[in-house]
Amino acid sequence: DQQVKQNSPSLSVQEGRISILNCDYTNSMFDYFLWYKKYPAEGPTFLISISSIKDKNEDGRFTVFLNKSAKHLSLHIVPSQPGDSAVYFCAARGSGGSNYKLTFGKGTLLTVNP
Amino acid sequence: DAGITQSPRHKVTETGTPVTLRCHQTENHRYMYWYRQDPGHGLRLIHYSYGVKDTDKGEVSDGYSVSRSKTEDFLLTLESATSSQTSVYFCAISESMGTGGVEQYFGPGTRLTVT
């Protein structure tokens with residue numbers, strides 16, 4: 001069963017507009033959530049994280065929102081730039097005995113058009 | 001960028017041959033991980049290490065073994081490669097698994113093709 005879901009395989013936005021990438025999870029024991037960006041032929045790059053005790057974390061153009069009751073998080077990129085075009089992975093960390101493990105979604109391909 | 005290198009970066013091998021992939025870090029991080037990335041599956045954990053000579057299985061460990069004899073090196077071995085192990089393999093490191101410091105930093109990947 002897929003514990004971290006990214007239901008949109010792709011998203012296309014115009015340069016300067018907002019990009020919103022969504023992620024849903026099923027395991028209420030996850031205690032940290034992370035977003036990674038991946039360019040072709042490169043390894044994933046850490047973008048931003050949020051603890052389960054918070055509902056928002058911001059870093060420059062990137063903001064992550066967490067809605068625990070809905071088991072939903074989203075990554076907002078404002079304003080979007082062509083260099084943001086990449087695959088974005090949502091990941092979640094288990095607590096307690098599973099705290100070594102990150103569970104990843106399947107990714108969303110973001111295309112930012114000039 | 002975290003100092004993580006993987007070798008080789010590309011490899012083509014035949015079914016049934018042994019293959020070893022190497023991950024090398026210069027960050028002195030305690031934790032190291034091997035993932036594979038396949039279309040439609042995201043990143044899946046194969047094995048991880050929580051110290052020298054301390055390793056454990058991830059979710060897709062069948063057919064793989066690992067070793068860590070030094071802090072900086074983590075080896076992934078396919079004892080007898082199969083076509084289902086054609087994939088892109090990523091090594092990752094992290095400093096801590098406690099509160100804070102949960103980020104894992106990834107290497108550039110190794111593309112393995114088993115024919």
(request) Fit a plane to each ring of Phe104(A) and Phe89(A), take the angle between them on a 0 to 90° scale, and name the class: parallel (under 30°), tilted (30 to 60°) or perpendicular (over 60°). (result) perpendicular
(message) Which label fits Phe33(A) and Phe30(A): parallel for a plane angle under 30°, tilted from 30 to 60°, or perpendicular past 60°?
(response) perpendicular
(message) For the backbone of Arg17(A) and the side chain of Ser80(A), can you confirm whether one donor and one acceptor N or O come within less than 3.5 Å of each other?
(response) yes
(request) With a 4.5 angstrom heavy-atom cut-off, could you sort out which part of Leu45(B) is near chain A: side chain, backbone, both or neither? (result) side chain
(message) Within the 4.5 Å heavy-atom criterion, are Leu102(A) and Arg93(A) side-chain neighbours or not?
(response) yes
(request) Identify which part of Arg44(B) has an atom lying under 4.5 Å from any heavy atom of chain A, answering side chain, backbone, both or neither. (result) neither
(request) Measure Gln6(B) against the heavy atoms of chain A and call it side chain, backbone, both or neither at under 4.5 Å. (result) neither
(message) Is Ala91(A) close to chain B through its backbone or its side chain, or both, or neither, when contacts mean heavy atoms under 4.5 Å?
(response) neither
